[in-house]
*Asks:* 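Below is a structure I'd like to ask you about.
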Amino acid sequence: MTHPVRFLWTEPRSVSTSFERMMMARGDHTVFDEPFSRVYYYGPERRSERYDESLPESSVDEVLDQIWKAAEERPVFVKDMAYQAAAVLDADLLAGFENSFLVRHPSATLRSLHRNWPDFTDEEAGWAALDRAADVVEGLGRPLLVVDADSLCADPERVVSAWCDGVGVPFVAEALTWPSGMRDEWELWDEWHASTASATGFEQLDPPPAPPGPDEPRLFEAYQAALPVYERLAARSLGADPQQPEA
């Protein structure tokens with residue numbers, strides 16, 4: 001028997017690691033943290049030259065084999081950036097998963113990404129691949145199940161409960177808090193997960209910063225490309241008014 005594999009597709013700097021940490025606290029899923037990052041940055045099929053290092057078991061087939069082997073034992077939850085699976089982000093891949101999405105306003109995600117990687121590429125911004133993943137899911141005839149980061153952190157019980165209903169798992173209120181500390185699953189990207197490691201639950205987010213203007217050409221270009229994707233998905237987010245998409 002193969003158990004469900006539940007993917008949360010997202011973009012960088014979106015509070016997705018907190019959602020993943022909540023799934024760890026549940027204790028009923030095997031959790032994978034960005035397995036396709038190994039493919040994108042460290043594997044034989046890498047799409048980025050950001051790192052010189054190569055890591056074992058980092059091909060697409062090897063990563064998928066790890067996920068499916070884990071699903072033979074119990075349900076699996078995977079959090080990943082859609083762009084890191086860009087090479088295989090199609091119906092053949094997504095048809096085997098239960099797919100949901102997490103978004104945060106791009107004025108926040110892109111400024112945060114820029115602070116860490118001022119040389120981020122268009123693909124690493126994350127939004128184009130997320131848009132493509134949403135197209136694929138809709139093409140499969142499945143609804144878009146979207147979590148908005150601001151709503152999540154403002155009312156985690158309501159939003160997580162709605163997500164649980166959407167994917168068909170029981171809501172576990174106790175999992176909304178957890179002990180602080182770094183996790184073994186975060187070893188590859190531990191410097192990116194430091195804030196979540198120090199947290200014990202979802203923390204209220206500050207309002208999105210001002211959008212970049214033409215005086216910040218790199219951020220402005222990325223923001224202009226990202227905003228329509230965010231608006232498309234945020235309008236479908238759990239609890240959103242379909243007549244009033246968030247912007």
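Everything numeric here is computed off the predicted structure, so don't read it as measured data.
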*Asks:* Drop me the distance from R6's CZ to S100's OG, to the nearest 0.5 angstrom.
*Replies:*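 One finds 9.5 Å between CZ of R6 and OG of S100.
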*Asks:* When you measure from the side chain of R132 to the backbone of A86, do you find a donor-acceptor pair of N or O atoms at a distance under 3.5 Å?
*Replies:*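 Yes, the answer is positive, given that a donor and an acceptor are paired below the 3.5 Å cut-off.
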*Asks:* Under 3.5 Å, is there a donor-acceptor pair linking the side chains of S151 and R158?
*Replies:*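 On atom types as modelled, these side chains do not qualify, holding no pair under 3.5 Å.
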*Asks:* Under 4.5 Å side-chain heavy-atom separation, chaining through any Ile, Leu, Val, Met, Phe, Trp or Tyr, what else clusters with L145? Say none if it is isolated.
*Replies:*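 Under the 4.5 Å side-chain rule, L145 groups with L8, F19, M22, M23, M24, V31, F77, L102, V147, L152, V159, V160, W163, V167, V169, F171, L176, W178, M182, W186, F202, L238.
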*Asks:* Return the orientation label for the Y51 and Y42 ring planes: parallel under 30°, perpendicular over 60°, tilted otherwise.
*Replies:*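 Ring orientation, 0 to 90° scale: parallel.
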*Asks:* Could you pull out all residues at least two apart from E221 that satisfy salt bridge (charged side-chain N to carboxylate O under 4.0 Å, His left out)?
*Replies:*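 R218.
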*Asks:* Strictly below 4.0 Å, N to O, side chains only: are R232 and E138 in salt-bridge contact?
*Replies:*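 Yes, R232 and E138 are salt-bridged.
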*Asks:* Using modelled atom types and a 3.5 Å cut-off, is there a donor and acceptor pairing between side-chain atoms of R46 and backbone atoms of G43?
*Replies:*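 Yes.
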*Asks:* Strictly distance-based, threshold 3.5 Å: is any side-chain N or O of S198 a donor or acceptor partner for the main-chain N or O of S195?
*Replies:*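 Yes; at least one donor-acceptor contact below 3.5 Å.
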*Asks:* Run the side-chain contact (heavy atoms from CB on, under 4.5 Å) test against S48 and tell me which residues pass, sequence neighbours left out.
*Replies:*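 Testing S48 for side-chain contact (heavy atoms from CB on, under 4.5 Å), a comparison that skips the adjacent residues, returns Y40, Y41, R50, E124.
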*Asks:* So, the side chain of N99 versus the backbone of V137: is there a donor-acceptor pair under 3.5 Å, distance only?
*Replies:*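 No.
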*Asks:* Could you tell me whether the side chains of R74 and T30 share a donor-acceptor contact shorter than 3.5 Å?
*Replies:*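 Yes, T30 and R74 have a side-chain donor paired with an acceptor closer than 3.5 Å.
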*Asks:* Taking the inter-plane angle between the rings of W9 and F7 on a 0 to 90° scale, is it parallel (under 30°), tilted (30 to 60°) or perpendicular (over 60°)?
*Replies:*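 Rings of W9 and F7: parallel, under 30°.
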*Asks:* What are the two closest non-hydrogen atoms of G213 and F220, and how far apart are they?
*Replies:*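 That would be O-CB, 3.2 Å.
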*Asks:* So which atom in S16 and which in K79 form the shortest heavy-atom distance, rounded to 0.1 Å?
*Replies:*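 Looking at all heavy atoms of both residues, the shortest contact is OG-CD, 3.4 Å.
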*Asks:* Please check if any side-chain donor atom of D122 sits under 3.5 Å from a side-chain acceptor atom of Y83, or the reverse.
*Replies:*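 No - no donor-acceptor pair under 3.5 Å links their side chains.
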*Asks:* Can you tell me if R142 uses its side chain to pair, donor with acceptor, with the backbone of A95 under 3.5 Å?
*Replies:*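 Checked: pair present.
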*Asks:* Closest heavy-atom contact between E20 and D33?
*Replies:*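 Reported closest heavy-atom pair: OE1-OD1, 2.7 Å.
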*Asks:* What's the shortest heavy-atom distance between A134 and L144, and which atoms?
*Replies:*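 Distance-wise, the nearest heavy atoms are O-CD2, 3.7 Å.
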*Asks:* Over all heavy atoms of both residues, which pair between R26 and P170 is shortest? Give the atoms and the distance, please.
*Replies:*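 Minimum heavy-atom separation between R26 and P170: NH1-O, 2.7 Å.
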*Asks:* Take R183 and T196 through the side chain to side chain donor-acceptor pair (under 3.5 Å) test and state the conclusion after the steps.
*Replies:* CA-CA 10 Å; R183 299 282 302 192; T196 304; over 6 Å; no
